[in-house]
Amino acid sequence: MDRAPDGVDPNVPNVARMYDYYLDGKDNFAADREAAERILKLFPNTKTSAAVNRGFLRRAVRLVTDNGVDQIVDLGAGLPTQGNTHEIAVGSRVVYVDNDPVVCTHGRALLARGDDVDFLQGDARKPDELLEQLKPLIDFDRPVAFMMLTILHFLSDEEAFGLIARLREVSVPGSHLVISHAIDDNTDLTPQALEVYKQSTAALNLRTHEEILRFFEGYELLEPGLVDPKDWRPDDELAASGRRSPGYAGVGRKA
């Protein structure tokens with residue numbers, strides 16, 4: 001990325017652009033690359049973990065659409081890259097949401113090319129405002145899938161559990177909840193690594209397996225449960241690799 005849009009400080013590392021760098025994307029600034037490289041020195045498997053998480057997204061979206069859900073809200077979507085949700089859920093209504101103006105600018109330019117794809121600048125920490133933004137785009141009288149991959153660990157407990165409770169409240173039976181989340185017993189996420197994120201646009205709030213399970217209260221947690229992302233219905237060599245990922249992933253269905 002050569003030039004920052006108006007109102008964006010390219011000197012402050014941004015977690016979405018750092019993630020883009022991990023996925024070998026091009027939409028990042030020098031500050032993002034520097035911060036990402038610091039993380040990679042502390043946690044060399046970050047790029048592999050990002051790819052594994054992307055594979056989980058692909059498999060989860062396929063499950064959701066196979067279960068008849070044709071409305072998907074992808075919260076904390078990040079920068080457009082390979083294997084985006086709308087490319088997997090062909091024919092579905094997909095709304096990407098992110099609070100980063102850079103993400104939204106690029107998302108609208110690269111993704112919102114048809115009637116079934118939109119990109120909103122919204123804040124997951126303000127669920128009521130977010131739902132008002134979504135009302136013209138999503139029919140909440142029909143099942144909807146909320147996807148939250150690697151976003152909840154950037155929210156405080158009050159923000160994260162409040163968001164999930166509000167989304168569960170407006171969801172009808174048949175709706176789905178898709179989550180991936182970093183864990184607090186990940187020894188690779190050292191104090192030095194956490195400090196890098198504190199200096200970026202969002203600090204990490206790591207949680208235990210039991211705490212992440214709480215997000216699925218009110219949902220039927222589908223097989224194989226809350227597991228390492230690579231172990232969630234693996235279908236390729238990367239997903240079936242033996243190395244442990246630094247988090248958990250799961251899909252729930254509202255009965």
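If you read the sequence from its start, that first residue is 1, and numbering goes on from there. All figures in this text were calculated on a predicted structure; none of them were measured in a lab.
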Worksheet item: Counting only N and O atoms by type, is there a donor-acceptor contact under 3.5 Å from the side chain of Arg59 to the main-chain atoms of Arg233?
Response: yes

Worksheet item: Which pair of non-hydrogen atoms, one from Pro136 and one from Gln133, has the smallest distance, and what is that distance?
Response: CD-O, 3.2 Å

Practice prompt. Examine Val170 and Leu137 and state if one hydrophobic cluster contains both, with Ile, Leu, Val, Met, Phe, Trp and Tyr joined whenever side-chain heavy atoms are less than 4.5 Å apart.
Written response: yes

Practice prompt. Starting at NZ of Lys47, measure out to CD1 of Ile39 and round the result to the nearest 0.5 Å.
Written response: 13.5 Å

Worksheet item: Atom CD1 in Ile138, atom CG in Leu131: separation rounded to 0.5 Å?
Response: 10.5 Å

Item to complete: Hey, could you give me the CG/CD1 distance between Leu152 and Ile212, rounded to the nearest 0.5 Å?
Response: 9.0 Å

Practice prompt. Under the salt bridge (charged side-chain N to carboxylate O under 4.0 Å, His left out) rule, what do Arg58 and Asp235 come out as? Steps first, then yes or no, please.
Written response: CA-CA 10 Å; Arg58 171 175 50 81; Asp235 62 359; 3.0 Å; yes

Worksheet entry | NZ (Lys126) with more than 12 external heavy atoms under 6.0 Å | no

Response to the item:
Tightest non-hydrogen contact, residues Pro224 and Asp231, listed as CG-O, 3.8 Å

Discussion item. Do Tyr22 and Leu40 have side chains that approach each other closer than 4.5 Å (heavy atoms only, starting at C-beta)?
Written reply: yes

Discussion item. Please find the pair of heavy atoms, one from Asn53 and one from Ser180, that lie closest to each other, and give the distance.
Written reply: OD1-OG, 2.9 Å

Worksheet item: Relative to each other, are the rings of Phe119 and Tyr96 parallel, tilted or perpendicular (30° and 60° limits)?
Response: parallel

Fill in: Asn28 side, atom CG; Glu34 side, atom CD - distance, nearest 0.5 Å
12.5 Å

Worksheet item: What heavy-atom pair brings Ala31 and Pro13 nearest, and what distance separates the two atoms?
Response: O-CG, 3.8 Å

Discussion item. Applying side chain to side chain contact (heavy atoms under 4.5 Å, CB included) to Val144 and Ser171, what does each step give before you reach the verdict?
Written reply: CA-CA 7 Å; Val144 57; Ser171 299; 4.3 Å; yes

Discussion item. Let's go through Tyr248 and Leu213 carefully: what are the C-alpha distance in whole Å and the side-chain angles of both, what is the deciding distance for side chain to side chain contact (heavy atoms under 4.5 Å, CB included) to 0.1 Å, and is it a yes or a no?
Written reply: CA-CA 10 Å; Tyr248 288 112; Leu213 271 177; over 6 Å; no

Under 3.5 Å, which donor-acceptor pairs do the side chains of residues 157-168 form with other protein atoms, sequence neighbours left out?
residue : atom : partner : partner atom : Å
Asp157  : OD1  : Arg207  : NE           : 2.9
Asp157  : OD1  : Arg207  : NH2          : 3.0
Glu159  : OE1  : Ser156  : N            : 3.0
Glu159  : OE1  : Ser156  : OG           : 3.3
Arg166  : NE   : Asp128  : OD1          : 2.6
Arg168  : NH1  : Glu217  : O            : 3.0

Discussion item. Taking the side chain as everything from C-beta on, heavy atoms only, tell me whether Met148 gets closer than 4.5 Å to Leu177.
Written reply: yes

Discussion item. Any non-hydrogen side-chain atom of Arg125 less than 4.5 Å from a side-chain atom of Leu155?
Written reply: yes

Worksheet item: So do the side chains of Val251 and Phe56 get within less than 4.5 Å of each other, counting heavy atoms only?
Response: yes

Worksheet entry | Partners passing side chain to side chain donor-acceptor pair (under 3.5 Å) against Glu132 (at least two apart in sequence or in another chain) | Lys135

Discussion item. I need the single residue from Val12, Asn11, Asn14 that forms a side-chain contact (heavy atoms from CB on, under 4.5 Å) with Asp32. Which is it?
Written reply: Asn14

Discussion item. I'd like to check Leu226 versus His181 (side-chain heavy atoms, cut-off strictly below 4.5 Å). Are they in contact?
Written reply: no

Response to the item:
With Arg93 as partner, the option from Asp70, Asp118, Asp116, Asp139 fulfilling side-chain hydrogen bond (donor to acceptor under 3.5 Å, both in side chains) is Asp118

Worksheet item: If you measure from CD on Glu211 to NE2 on His153, what distance do you get to the nearest 0.5 Å?
Response: 14.0 Å

Worksheet item: Taking all non-hydrogen atoms of both residues, which atom of Arg54 and which atom of Asn84 are closest, and how far apart?
Response: NH2-OD1, 3.3 Å

Worksheet item: Can you list the steps and then say if Leu75 with Leu130 is a side chain to side chain contact (heavy atoms under 4.5 Å, CB included)?
Response: CA-CA 10 Å; Leu75 289 164; Leu130 176 61; 3.5 Å; yes

Fill in: Side chain proximity check, Pro143 to His176, heavy atoms < 4.5 angstrom
no

Fill in: Heavy-atom pair with the smallest gap, counting every atom of Trp232 and Glu223
NE1-O, 4.1 Å

Practice prompt. Under the side chain to side chain contact (heavy atoms under 4.5 Å, CB included) rule, what do Ile88 and Leu57 come out as? Steps first, then yes or no, please.
Written response: CA-CA 9 Å; Ile88 304 163; Leu57 178 147; 3.7 Å; yes

Worksheet item: Would you call the rings of Phe140 and Phe146 parallel, tilted or perpendicular if under 30° counts as parallel and over 60° as perpendicular?
Response: parallel

